[in-house]
Amino acid sequence: MVFTEEQEALVKESWEILKQNISKNSVHFFTTILEIAPAAKGLFSFLRDSDEVPDNNPKLKAHAVKVFKMTCESAIQLKEKGEVTVGETTLKHLGSVHIKSGVLDPHFEVVKEALLRTIEKAVGEKWSDEMKSAWAEAYDQLAAAIKAEMKQEA
Ligand code: HEM
């Protein structure tokens with residue numbers, strides 16, 4: 001599938017909106033992850049021992065921002081080069097961190113759904129099927145690269 005300039009623009013435009021309230025959007029993202037898959041709580045060091053999703057946790061924000069931002073970067077790479085080109089070292093590191101944290105392939109679908117719902121909420125009226133599929137495509141390609149690296153590490 002070809003990733004178009006329009007799709008890249010939709011992802012960039014919504015990332016700009018998402019960025020304006022990282023704290024709120026990060027909490028919404030993790031709250032949604034736990035709504036879909038309550039058991040995922042145990043995977044994250046910053047969720048494991050707390051009763052609710054913490055409001056101002058730097059590690060929580062860091063993971064949310066990484067997922068948002070790396071998906072946005074993947075959209076740019078897909079448009080420019082037709083493939084996700086995360087650096088080898090970064091990818092190896094991500095493969096190893098996720099394997100060591102006990103992350104499994106199906107968790108990526110949970111995070112994808114939470115990502116899409118978080119963007120939908122953040123962008124409001126700008127949300128569209130085109131925007132959704134642009135994010136979904138970029139995320140799927142990035143997730144595939146991380147999952148492939150996890151298989152190497154396992
Ligand atoms: C850690 C990115 C998907 C669970 C991390 C880190 C990054 C990252 C950058 C920090 C690595 C470090 O410590 O240096 C991403 C990206 C994803 C993704 C870009 C998808 C495109 C997932 C999924 C899960 C997950 C699907 C499971 C639901 C974790 C956990 C950690 C982690 C448990 C360790 C954090 C902690 O407990 O403090 N991820 N991740 N990630 N990720 Fe992900």
Side-chain angles (χ1 to χ4, degrees), residues 1 3 7-8 10-19 22-123 131-154:
M1 189 188 143
F3 204 83
Q7 287 180 301
E8 185 202 26
L10 286 168
V11 171
K12 278 187 177 169
E13 179 193 336
S14 35
W15 164 235
E16 287 303 319
I17 299 171
L18 215 61
K19 225 162 61 174
I22 285 297
S23 296
K24 186 170 134 237
N25 291 323
S26 301
V27 169
H28 186 262
F29 177 58
F30 271 96
T31 305
T32 311
I33 292 176
L34 297 192
E35 268 168 27
I36 305 172
K41 188 177 193 254
L43 295 172
F44 294 94
S45 60
F46 45 86
L47 297 179
R48 213 173 284 146
D49 303 317
S50 67
D51 288 337
E52 43 198 275
V53 175
D55 225 355
N56 219 335
N57 184 293
K59 283 192 170 180
L60 179 146
K61 262 192 253 184
H63 193 275
V65 169
K66 276 290 178 185
V67 174
F68 303 153
K69 209 171 165 185
M70 286 187 75
T71 305
C72 185
E73 285 161 3
S74 296
I76 297 167
Q77 293 161 3
L78 284 168
K79 191 247 150 192
E80 297 294 329
K81 305 196 178 89
E83 61 179 338
V84 168
T85 56
V86 183
E88 190 66 21
T89 323
T90 307
L91 212 48
K92 275 211 171 327
H93 178 66
L94 286 178
S96 121
V97 168
H98 289 98
I99 277 286
K100 285 191 191 122
S101 305
V103 176
L104 304 169
D105 278 10
H107 289 130
F108 282 86
E109 281 305 308
V110 174
V111 166
K112 176 184 178 182
E113 187 57 34
L115 171 72
L116 296 174
R117 289 195 212 165
T118 302
I119 298 158
E120 177 175 7
K121 187 148 195 285
V123 304
M131 187 178 273
K132 181 179 181 176
S133 61
W135 276 96
E137 176 71 16
Y139 177 89
D140 283 346
Q141 300 266 356
L142 173 61
I146 299 174
K147 286 190 277 188
E149 201 53 52
M150 285 165 65
K151 290 206 173 61
Q152 297 280 315
E153 289 280 329

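Since this is a predicted model, take the numbers as computed values, not measurements. Residue indices begin at 1 and follow the sequence shown. Whatever order the structure lists them in is the order used to number ligands and atoms, beginning at 1.
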*asked:* Any salt bridge linking Glu16 with Lys12? Criterion: basic side-chain nitrogen under 4.0 Å from a carboxylate oxygen.
replied: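 Looking at Glu16 and Lys12, the cut-off is not met.
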
*Is there a donor-acceptor contact under 3.5 Å linking the side chains of Thr71 and Trp135?*
no

*Indicate whether the side chain of Gln77 and that of Glu73 have a donor and an acceptor atom separated by less than 3.5 Å.*
no

*Would you check, one step at a time, whether the test salt bridge (charged side-chain N to carboxylate O under 4.0 Å, His left out) holds for Lys151 with Asp105?*
CA-CA 10 Å; Lys151 290 206 173 61; Asp105 278 10; 3.0 Å; yes

Please list, in number order, the atoms of ligand 1 under 4.0 Å from a heavy atom of [X].
| X | result |
| --- | --- |
| Tyr139 | 20 (C), 21 (C) |
| His93 | 11 (C), 12 (C), 14 (O) |
| Met70 | 19 (C) |
| Leu94 | 2 (C), 7 (C), 8 (C), 9 (C) |
| Val111 | 23 (C), 26 (C), 28 (C) |
| Leu142 | 21 (C) |

_Check against side chain to side chain contact (heavy atoms under 4.5 Å, CB included), Ser14 and Val123_ = CA-CA 6 Å; Ser14 35; Val123 304; 3.6 Å; yes

Considering only non-hydrogen protein atoms, determine which one is nearest to [atom] and report residue, atom name and distance to 0.1 Å.
| atom | value |
| --- | --- |
| atom 30 (C) of ligand 1 | Phe44 CE2, 3.6 Å |
| atom 34 (C) of ligand 1 | Ser101 OG, 3.6 Å |
| atom 33 (C) of ligand 1 | Leu43 O, 3.2 Å |
| atom 35 (C) of ligand 1 | Phe46 CE2, 4.3 Å |

*Shortest non-hydrogen contact between Asn25 and Thr118, atoms and distance*: O-CG2, 3.5 Å

_Closest non-hydrogen atom pair, Ala114 against Ile33_ = CB-CG1, 3.5 Å

*N/O of Lys59 under 3.5 Å from N/O of ligand 1, yes or no?*
no

*Let me see the working for Glu120 and Lys132 under salt bridge (charged side-chain N to carboxylate O under 4.0 Å, His left out), right down to the final yes or no.*
CA-CA 8 Å; Glu120 177 175 7; Lys132 181 179 181 176; over 6 Å; no

*Record the part of Thr71 in heavy-atom contact with ligand 1 below 4.0 Å; permitted values are side chain, backbone, both and neither.*
neither

*asked:* At under 4.0 Å between heavy atoms, is it the side chain or the backbone of Ser45 that contacts ligand 1, or both, or neither?
replied: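 The answer is both.
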
*Inspect the surroundings of NZ in Lys121 and state if more than 12 heavy atoms from other residues, nucleotides or ligands are less than 6.0 Å away.*
no

*asked:* Is it the case that over 12 heavy atoms from other parts of the model lie below 6.0 angstrom from the NZ atom of Lys19?
replied: yes

*Is there a heavy atom of Lys112 sitting under 4.0 angstrom from any atom of ligand 1?*
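In this structure, Lys112 fails to qualify as a contact of ligand 1 - no heavy atom is under 4.0 Å.
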
*Measuring from the heavy atoms of Val103, does anything fall under 4.0 Å of ligand 1?*
yes

*Out of His98, His107, Lys66, whose heavy atom is nearest to atom 39 (N) of ligand 1?*
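The nearest heavy atom belongs to His98.
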
*Do you see a protein non-hydrogen atom under 4.0 Å from atom 10 (C) of ligand 1?*
no

*asked:* Looking only at N, O or S atoms in His63, which is nearest to atom 43 (Fe) of ligand 1?
replied: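 For His63, the N/O/S atom sitting closest to atom 43 (Fe) of ligand 1 is NE2.
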
_Ser50 (side chain) donor-acceptor with Glu52 (main chain) under 3.5 angstrom_ = yes

